[in-house]
Amino acid sequence: MARNHITTTINGDEYEFLCDTEQTLLDCLRDELFLTGTKEGCASGDCGACNVMLDGQLVCSCLVLGVEADGKSMETIEGMAHGEELHPLQQKFLELNGLQCGICTPGILIAAKALLERDPDPTETEIRYWLAGNLCRCTGYDKVVRSVQAAAEEMRKG
Amino acid sequence: MEFMPEFRTARPTTVAEAVAIRAAEPGSRFLAGGTDLIPNIRRGIVAPPTVIDLAGIAEMRAIESLDGGLRIGAAVTLAELANHERVRTAYVGLKQAAGGIAASTHRQVGTVGGNLCLDTRCVFYNQSEWWRRANDYCLKSKGDVCYVAPKGSHCFAAFSGDLAPAFMVLGAEVEIASKSGVRIVPLTEIYQDDGIDYLLLKPDEMIAAVRVPAPSDGFRTGYAKSHVRSAIDFPLAGVAVGLRREDEAITDLRVALTGTNSMPLAVEGTEGLTGGPPNEAMLQGLDALIAKQIQPMNSTFSPPGYRRRVVAKLTRSLILNLYRDG
């Protein structure tokens, strides 16, 4: 079957790739573009490890087909830091131990960034509900929530 | 988790084009948010040769005013519905149902039409291909035994969509598109209590939009559900209530349920309970109506007895809250 030619913008850069129709966006990112920062956890939309932003919306990239990304723009974890300069969320996750094994972290960071862009000052409950689609088996979530709160505070200071 | 099987995609830009493709390609499936279909394809539960991507159909993505009510396109996302100004103010039960589905990520892509057509669920069905093969498959997919009720020949997978009951108490209708045009039917008429054939849509038919009548004075709605993890899970049981209070009396009462049967259930006979306040006699009458009409089975990890108790309890508290506070 002919492969599909896809043109997208990822983290501000133009990308073109070929993919099979049945390849998910996650598979395309990892296997065709070698952007392996986005992780596969469950591949069924339960865990959120594969979260990316697609045209400004937070999605599980395992539930999106690669062909659906044609002409759209994406943000992935690779675009979060500016060179050596970490995003405040990344910095606070490091400082406050918001991660242990790290597999869920790219998805959590992308989801948390999406939350703070909508609401720079979320309550703890809002953070917990927003991140409910991101499963973590190490941290028990408390340090994740504290890291997001600390980053939000830092970002509000500007 | 298995690899995806091969399939083609079609990218129609109009409803007419979408249903024409569906009619021409047997076994094809409509794809909107993908939160239900994609995991099911990956698990080998369905294997459509063609997937019809509805994302490019602008006419299905709008919420418009219609005769004082709303016309909601089937591809409107759950987040768009829950955050819509009129829905938030005039259709509170609908807002509560839409805003409580799955987690935020899924609400941003999952759609109204997808939730209304959500595949029925069961612990013997929503499993990987190797799991189901090792168990000799089940009645709903490739097998001939229902492990929930092995002596019968009926599938008891549970309907778990949250929107359907919330729409039902509002008296919503659906626009069903097919090659022969559009027909409009009450939402309650597109379901039947069969875990396999739960939708009474013909193979080439598609829900294009939902019509919600104008809110009537004093009619209050609410939605509540029970689930294992409150921010992400499918409902073990969900309840939508609509009622009107005049002085001390309830003069209109509608109850619809999800998670208890293979279809969303508009509880019958509630009009016989109106005319007075929600006292213990009235609530016991309602308990009896519900107990008689629901049929939760061992299709989830929570036993049927628990779901029976919880659905009665949720209904009572929702009615009392709406009665007291609006």
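Just the heavy atoms: all of them, side chains too, but no hydrogens, waters or symmetry mates, feed the values below.
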*Asks:* Testing the 3.5 Å rule here: is there a donor-acceptor pair between the side chains of B:Thr13 and B:Glu17?
*Replies:*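 Yes, because at least one side-chain N or O of B:Thr13 sits under 3.5 Å from a partner of the opposite role on B:Glu17.
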*Asks:* Regarding B:Arg8 and B:Thr50, is there a side-chain donor-to-acceptor distance under 3.5 Å anywhere?
*Replies:*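 The criterion, which ignores hydrogens and geometry beyond distance, is satisfied for B:Thr50 and B:Arg8.
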*Asks:* Taking atom types as modelled and ignoring hydrogens, do the side chains of A:Asn11 and A:Thr76 form a donor-acceptor contact shorter than 3.5 angstrom?
*Replies:*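 There is such a pair (donor and acceptor under 3.5 Å, judged by atom type) between the side chains of A:Asn11 and A:Thr76.
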*Asks:* Which answer fits B:Leu31, side chain, backbone, both or neither, if we ask what part of it has an atom under 4.5 Å from a heavy atom of chain A?
*Replies:*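 Just its side chain gets close to chain A.
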*Asks:* Throw together a table of side-chain donor-acceptor distances under 3.5 angstrom for residues 149-158 of chain A, partners on residues two or more places apart or in other chains.
*Replies:*
from     : atom 1 : to       : atom 2 : distance (Å)
A:Arg156 : NH1    : A:Pro120 : O      : 3.1
A:Arg156 : NH1    : A:Asp121 : OD1    : 3.1

*Asks:* In terms of heavy-atom proximity below 4.5 Å to chain B, should A:Gln23 be classed as side chain, backbone, both, or neither?
*Replies:*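 Contact with chain B is absent: no heavy atom of A:Gln23 under 4.5 Å.
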*Asks:* Would you check if there is a donor-acceptor pair between the side chains of B:Tyr137 and B:Gln127 at a distance under 3.5 Å?
*Replies:*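 Per modelled atom types, B:Gln127 and B:Tyr137 side chains form no pair under 3.5 Å.
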*Asks:* Less than 4.5 Å to any heavy atom of chain B: does that hold for the side chain of A:Leu135, its backbone, both, or neither?
*Replies:*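 Side chain of A:Leu135 only, per the 4.5 Å heavy-atom cut-off to chain B.
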*Asks:* Measure distances from A:Leu65 to the heavy atoms of chain B and classify the residue's part below 4.5 Å as side chain, backbone, both or neither.
*Replies:*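 Side chain of A:Leu65 only, per the 4.5 Å heavy-atom cut-off to chain B.
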*Asks:* Answer with side chain, backbone, both or neither: which region of A:Asp27 has an atom nearer than 4.5 Å to a non-hydrogen atom of chain B?
*Replies:*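 Side chain only.
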*Asks:* Heavy-atom pairs under 4.5 Å with chain B - which of A:Ala132, A:Gly133, A:Cys62 has more of them than the others?
*Replies:*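 Most pairs with chain B among the choices: A:Ala132.
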*Asks:* I'd like to know which of B:Ser104, B:Ser230, B:Gly33 tops the heavy-atom pair count under 4.5 Å against chain A.
*Replies:*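 Result: the option with the highest number of such pairs is B:Ser104.
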*Asks:* Under 4.5 Å from any heavy atom of chain A, what part of B:Arg107 do you find: side chain, backbone, both or neither?
*Replies:*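 No part of B:Arg107 comes within 4.5 Å of chain A.
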*Asks:* State plainly whether the residues B:Lys140 and B:Asp119 are in salt-bridge range, i.e. N to O under 4.0 Å.
*Replies:*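 Result for this pair is yes, salt bridge flagged.
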